[in-house]
2 protein chains.
Amino acid sequence: MTETAPRPTLEAVAERAGVSRATVSRVVNGAHGVREALAERVRRAVEELGYVPNQAARSLVTKRHDAVAVVAAEPESRVFADPFFAQQLRGISKELTAHDNQLVLLLTEGREDHARVGRYLAGGHVDGALVFSLHLDDPLPGLVRRAGVPTVFGGRPGWDDGRDGVVYVDSDNRGGARAAVRHLTGLGRTRIAHITGPLDQTSAADRLAGFRDLRADAGPGLIERGDFTSGGGERAMRELLDRCPGLDAVFAANDLTAAGALRVLRERGRRVPDDVAVVGFDDMLPVAEQTDPPLTTIRQDIEEMGRLMARLLLRGLDRRASGDETSAIAAPAPSGVVLPTTLVRRASA
Amino acid sequence: MTETAPRPTLEAVAERAGVSRATVSRVVNGAHGVREALAERVRRAVEELGYVPNQAARSLVTKRHDAVAVVAAEPESRVFADPFFAQQLRGISKELTAHDNQLVLLLTEGREDHARVGRYLAGGHVDGALVFSLHLDDPLPGLVRRAGVPTVFGGRPGWDDGRDGVVYVDSDNRGGARAAVRHLTGLGRTRIAHITGPLDQTSAADRLAGFRDLRADAGPGLIERGDFTSGGGERAMRELLDRCPGLDAVFAANDLTAAGALRVLRERGRRVPDDVAVVGFDDMLPVAEQTDPPLTTIRQDIEEMGRLMARLLLRGLDRRASGDETSAIAAPAPSGVVLPTTLVRRASA
DNA sequence: CGGGGAGGTGAGAGCGCTCTCCGGCACCAC
DNA sequence: GTGGTGCCGGAGAGCGCTCTCACCTCCCCG
């Protein structure tokens with residue numbers, strides 16, 4: 001079918017333009033120091049021949065790939081059930097594209113995949129990695145560290161001990177949770193319950209921490225563990241209602257959970273928000289806007305998270321490339337960047 | 001920080017094992033014709049040195065990259081609002097991984113991005129492309145064709161004239177629509193309405209066609225255009241109800257649309273499914289399971305679509321690589337593969 | 001016991017590019 | 001005129017790998 005036409009090489013362009021390979025290379029790579037007349041001739045030759053540099057050959061000598069790996073553990077329902085990952089990806093993609101970098105997607109599933117990813121990263125096929133690590137016991141972080149690839153994490157890694165210069169981007173889960181609680185108390189609610197997410201995920205743990213910040217007195221009776229699913233939200237809500245029928249507000253760790261809680265609340269004859277006010281987290285649109293009543297929730301700028309991750313990584317790569325130790329000191333890589341969240345007020349609280 | 005240690009080369013392994021580069025290469029690439037004793041020595045040296053082949057160097061000579069581009073137009077709400085894309089990606093990823101291929105993700109947005117993608121594909125950085133083309137007037141298909149890269153499309157391209165050997169994978173939208181209607185008529189419904197999707201997308205057009213297959217007599221009064229969103233579903237449902245208050249069933253082009261319709265139905269005091277039965281399409285879980293009542297819908301195997309796309313592409317690449325004209329004739333690339341859909345019965349119909 | 005395989009192994013020529021030299025040339029000052 | 005000073009541009013050496021050949025053992029058969 002489509003016979004792969006032999007693509008023109010630098011050599012061919014050089015010949016056509018009547019110059020040497022080196023000159024063509026200089027022009028193609030935007031280096032200065034080539035007389036305009038010559039440069040123009042080269043450019044025309046490039047155009048006429050439809051020359052595109054062979055990335056493999058270039059990488060071979062530069063040791064740069066202009067490619068970044070995005071690593072995500074696939075089985076994490078969170079990653080794929082929500083539109084989250086897609087949105088982060090979009091942010092990442094935009095930023096990488098703007099800097100002429102390619103995005104190599106590595107989805108893992110199971111142990112053997114981890115080994116594969118480790119090998120791939122260690123193999124020096126990409127300049128850096130963007131890793132989504134949501135679980136406390138995630139093997140991925142250790143793996144990429146061993147691979148020795150510059151990395152930025154998405155979400156606070158569980159083992160961030162604040163010292164080892166791990167770079168990550170997260171949204172302000174704790175602050176968002178506080179804002180949710182503050183909103184609820186502002187509404188005059190006093191018996192506020194919290195349905196957590198799976199606590200082996202830092203986002204869930206941080207949201208719980210934020211809740212506790214303002215409700216230090218909340219007995220365990222007002223806190224029930226959920227799992228970021230609506231089914232879990234239902235279960236937890238029932239439990240909570242049985243234990244503490246008089247509660248007047250619920251802060252759910254995410255919107256799915258809140259949707260489940262809402263259903264149980266209605267089923268038990270509680271009016272929302274009159275009897276019980278509900279606040280979610282994420283502002284996951286297809287859910288938050290379509291619950292009954294529409295959900296008041298905490299929004300995070302997912303796409304910006306992705307974009308920021310990419311930006312941080314590329315910046316780090318540049319610094320490394322220029323071997324500029326001083327600037328590395330002048331502007332040390334931030335170890336964690338936390339994006340603000342905002343309260344979106346709808347009808348449920 | 002992590003000083004990039006100079007990675008061992010084939011040469012280094014060869015020296016350590018006391019053989020020539022060629023032999024190491026043979027072992028590494030699994031070629032036979034190396035005495036077991038030697039092969040073992042080589043393997044040990046590889047292990048000890050932690051040798052990983054340099055893909056750039058390899059590509060330079062083989063002209064193979066073991067990488068496939070996945071191209072998707074980002075602004076299409078469909079691609080990112082649904083978990084669809086993520087699921088297809090997962091299927092694609094699994095299949096590619098199984099064949100040791102990398103996935104390079106290219107998200108486009110706007111005209112200049114198209115040019116960029118075109119250049120990238122034409123640049124021969126990947127062996128093939130998987131392209132999601134949902135719109136009739138999508139410029140992407142023409143672009144990849146010009147780039148001359150082996151391609152498999154996701155979703156039937158609008159311009160598939162049945163002749164030019166375009167390879168694509170789609171789910172059976174038309175058959176699924178027929179199944180939906182058949183289910184409704186089986187329930188004794190006679191005044192069945194259809195809320196379409198945006199008809200410039202082949203999936204929406206095909207679903208409409210399936211509806212028409214069995215309801216050729218359905219006047220335009222029973223067909224209302226939607227846009228795959230719940231808001232559109234609401235609008236269309238109101239319209240339909242005003243125009244034809246006696247309708248007893250609705251087939252919505254997707255679940256989001258159905259969710260919107262459901263809301264309007266309730267608002268207008270119609271009981272579902274008693275007064276009006278509703279069937280959706282997609283079986284988009286967070287939506288279909290959580291509508292009230294839960295949605296009867298047509299499920300498609302999204303992940304399998306992705307997997308199949310990848311499989312088809314890789315198969316084509318293999319054939320091309322082996323230059324095996326005869327097998328190309330013996331097993332011609334299928335021009336379109338259509339995956340079956342199944343009816344998932346819940347409470348709405 | 002010698003010749004002809006057959007099967008292993010190594011040498012070496014690139015793949016297409018970048019980048020370091022180094023030579024050439026124009027221009028200035030003396 | 002001569003020597004210096006830049007700036008351009010070209011030559012050439014690889015980057016790490018694959019792959020074709022040629023060579024070199026052995027082994028088998030006549």
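Model, not experiment: these values are computed from the prediction.
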Of the options [options], whose atoms approach the side-chain atoms of [X] most closely?
{"X": "B:V19", "options": "C:dG10, C:dC17, D:dC17", "result": "C:dG10"}
{"X": "A:T62", "options": "C:dT9, D:dG9, C:dT18", "result": "C:dT18"}
{"X": "A:L10", "options": "D:dC17, D:dG9, C:dT18", "result": "C:dT18"}
{"X": "B:V61", "options": "D:dG10, D:dC17, D:dC15", "result": "D:dC17"}

Given [N], is OP1 or OP2 found less than 4.0 Å from the side-chain N or O atoms of [X]?
{"X": "A:R58", "N": "C:dT18", "result": "yes"}
{"X": "B:S25", "N": "D:dT18", "result": "yes"}
{"X": "A:T9", "N": "C:dG16", "result": "no"}
{"X": "B:K63", "N": "C:dG16", "result": "yes"}
{"X": "B:N29", "N": "D:dT18", "result": "yes"}
{"X": "A:T23", "N": "D:dG10", "result": "yes"}

[N] [atom2] sits how many Å from [X] [atom1], rounded?
{"X": "B:E15", "N": "C:dA11", "atom1": "CD", "atom2": "P", "answer": "13 Å"}
{"X": "B:E40", "N": "C:dG8", "atom1": "CD", "atom2": "P", "answer": "17 Å"}
{"X": "A:H125", "N": "D:dC17", "atom1": "NE2", "atom2": "P", "answer": "11 Å"}
{"X": "A:R41", "N": "D:dC8", "atom1": "CZ", "atom2": "C1'", "answer": "13 Å"}
{"X": "B:E11", "N": "C:dG10", "atom1": "CD", "atom2": "C1'", "answer": "12 Å"}
{"X": "A:L38", "N": "D:dC7", "atom1": "CG", "atom2": "P", "answer": "17 Å"}

Is a salt bridge present between B:R64 and B:D318, judged by a nitrogen-to-oxygen distance below 4.0 Å? yes
Point-to-point distance, once rounded to the nearest 0.5 Å, from CD of B:E112 to OG1 of A:T97: 10.5 Å
If you assign B:L60 and A:V34 each to the DNA chain D nucleotide with the nearest heavy atom, which residue ends up on the more 5' nucleotide? A:V34
Where A:E95 and A:H99 come nearest, the two heavy atoms and their spacing: O-ND1, 3.0 Å
Could you check whether any side-chain N or O of A:S93 sits under 3.5 Å from a backbone N or O of A:L89, counting only pairs where one atom can act as donor and the other as acceptor?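 Absent.
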Is the gap between the ring centers of B:F132 and B:F153 under 6.0 Å?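 That pair fails the under 6.0 Å test.
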When the nearest nucleotide of DNA chain C is assigned to B:R35 and to B:A57 on a heavy-atom basis, which residue is associated with the more 5' position?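 By nearest-heavy-atom nucleotide position, the 5'-most residue is B:R35.
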Distance criterion of 3.5 Å, no angle test: do you see the side chain of A:R21 paired donor-to-acceptor with the base of C:dT18?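 Yes, the side chain and the base share a sub-3.5 Å donor-acceptor pair.
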Do B:R26 and C:dG10 have a side chain to base donor-acceptor pair shorter than 3.5 Å?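 Donor-acceptor pair under 3.5 Å: yes.
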